[in-house]
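Numbering of ligands and ligand atoms starts at 1, following listing order.
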Amino acid sequence: MSELDPRLDAIVSHIPPGSRVADIGTDHALLPVSLVKTGRASRVVATELNEKPYQTALRQVMESGVNSLVEVRRGDGLVALRPGEVDVVVIAGMGGNTIAGVLERSPEVLAGVTRLVLQPMSDPGDLRMWLARNGWRLADEELVKDDGKFYVIIAAVPGEEPCRDGFMMEIGPVLVGKCSPYLVEYLEKIKGDYQRVLSGLARSRSDEAMAKAIALTSRLTRITEVINRCRQGAV
Ligand SMILES: C[S@@+](CC[C@H](N)C(=O)[O-])C[C@H]1O[C@@H](n2cnc3c(N)ncnc32)[C@H](O)[C@@H]1O
């Protein structure tokens with residue numbers, strides 16, 4: 001039995017066995033400790049920006065007896081890494097735009113990375129678009145539901161991403177392509193969000209609100225189509 005929660009467990013499943021891994025924003029360092037204890041990773045560099053979680057991570061790694069295989073570094077994102085040091089970069093539990101910013105700031109480190117495993121807490125569409133525009137292909141995606149909340153996991157590899165459609169990038173082209181478990185439930189939630197924004201916009205008479213309402217109405221139609229196709233088992 002894994003000691004990790006379903007979200008972190010799913011992240012592990014997207015890391016190829018034997019990888020050298022960086023866990024950016026490690027906080028409690030549960031992921032790196034588990035990765036080396038189970039032999040999934042040969043070595044992990046765990047980075048933290050902030051002092052308190054950095055100290056928590058150091059303590060966790062020492063107490064778990066894995067300090068020869070997990071190195072904890074204080075620093076901003078990938079800046080704390082040397083080019084060629086790791087194969088896989090994990091960034092979990094931050095906003096999608098924060099994750100994109102971390103990736104954007106370190107092209108020389110990213111050049112040697114063969115896989116990104118990302119778990120954005122918000123704005124997954126912006127993150128997918130950033131990946132597609134910066135030479136990363138969406139290799140896999142997974143939806144995890146834990147304690148009533150959905151978590152999106154995105155695995156990306158160097159390459160050309162064929163999807164550039166803003167709506168599809170928001171909901172997840174790989175999730176849709178494989179009619180991922182929980183997808184209908186997840187899309188129904190997004191549809192509810194669209195409907196709430198739309199009823200707010202209906203109270204405004206401005207041109208800007210009208211333009212937004214038209215765009216959202218088109219998204220509502222598309223999301224309803226995807227939900228219906230997914231319910232029928234074919235997308
Ligand atoms: C919500 S926690 C997520 C912890 C863990 N990755 C997880 O998914 O359970 C986010 C952590 O990222 C750290 N963080 C935020 N921005 C960072 C950055 N630019 N570089 C390194 N760590 C960062 C925060 O200090 C915090 O500990």
Exercise. Applying a 4.0 Å heavy-atom criterion (strictly less than), which segment of R7 is in contact with ligand 1: side chain, backbone, both, or neither?
Worked result: side chain

Seminar exercise, completed: For atom 2 (S) of ligand 1, the closest protein heavy atom turns out to be D27 OD2, 3.8 Å

For this session: Could you tell me whether ligand 1 has any atom less than 4.0 Å away from a heavy atom of H28?
Result: yes

Seminar exercise, completed: among protein heavy atoms, the one nearest atom 14 (N) of ligand 1 is M94 CE, 3.6 Å

Exercise. Between Y151 and R7, is there a cation-pi geometry (under 6.0 Å to ring centre, at most 45° from the normal)?
Worked result: yes

For this session: Verify side-chain contact (heavy atoms from CB on, under 4.5 Å) between I24 and V90, making sure each step is shown before the conclusion.
Result: CA-CA 6 Å; I24 308 301; V90 176; over 6 Å; no

Problem set entry | Basic-acidic side-chain contact under 4.0 Å: E85, R20 | no

For this session: Would you check the N or O atoms of G77, main chain and side chain alike, for any that come under 3.5 Å of an N or O of ligand 1?
Result: yes

Exercise. Is the closest N or O pair between N50 and ligand 1 shorter than 3.5 Å?
Worked result: yes

Seminar exercise, completed: Note: P53, heavy atoms under 4.0 Å from ligand 1, region reported as side chain

For this session: Looking only at distances, please establish whether an N/O atom of ligand 1 is found under 3.5 Å from an N/O atom of D23.
Result: no

Problem set entry | Distance-only donor-acceptor check, side chains E161 and W136, under 3.5 Å | no

Exercise. Is the closest heavy-atom distance from K52 to ligand 1 below 4.0 Å?
Worked result: no

Seminar exercise, completed: The protein heavy atom nearest to atom 3 (C) of ligand 1 is A92 O, 3.6 Å

Exercise. Closer than 4.0 angstrom: is that true for some heavy atom of G75 and an atom of ligand 1?
Worked result: yes

Exercise. Would you say R222 has more than 12 foreign heavy atoms packed within less than 6.0 Å of its CZ?
Worked result: yes

Seminar exercise, completed: From the list L175, D140, I11, L143, side-chain contact (heavy atoms from CB on, under 4.5 Å) partner of I153 resolves to I11

Exercise. Between E142 and H14, do the side chains contain an N or O donor and an N or O acceptor separated by less than 3.5 Å?
Worked result: yes

Problem set entry | Positive for side-chain contact (heavy atoms from CB on, under 4.5 Å) with P32, one of L69, T26, V66, V61 | T26

For this session: Could you find the nearest protein heavy atom to atom 27 (O) of ligand 1 and give me its residue, atom name and distance?
Result: E48 OE2, 2.5 Å

Seminar exercise, completed: Ranked by distance from atom 21 (C) of ligand 1, the top protein heavy atom is L49 N, 3.4 Å

Seminar exercise, completed: For atom 19 (N) of ligand 1, the closest protein heavy atom turns out to be D76 OD1, 2.8 Å

Exercise. Should the heavy atoms of other residues, nucleotides or ligands under 6.0 Å from CD of E51 be counted, would the total exceed 12?
Worked result: yes

For this session: Kindly identify the option in G95, G25, G93 whose heavy atom sits closest to atom 5 (C) of ligand 1.
Result: G25

For this session: Determine, stepwise, if the pair V152 / R128 fulfils side-chain contact (heavy atoms from CB on, under 4.5 Å).
Result: CA-CA 11 Å; V152 175; R128 289 187 184 97; 3.5 Å; yes

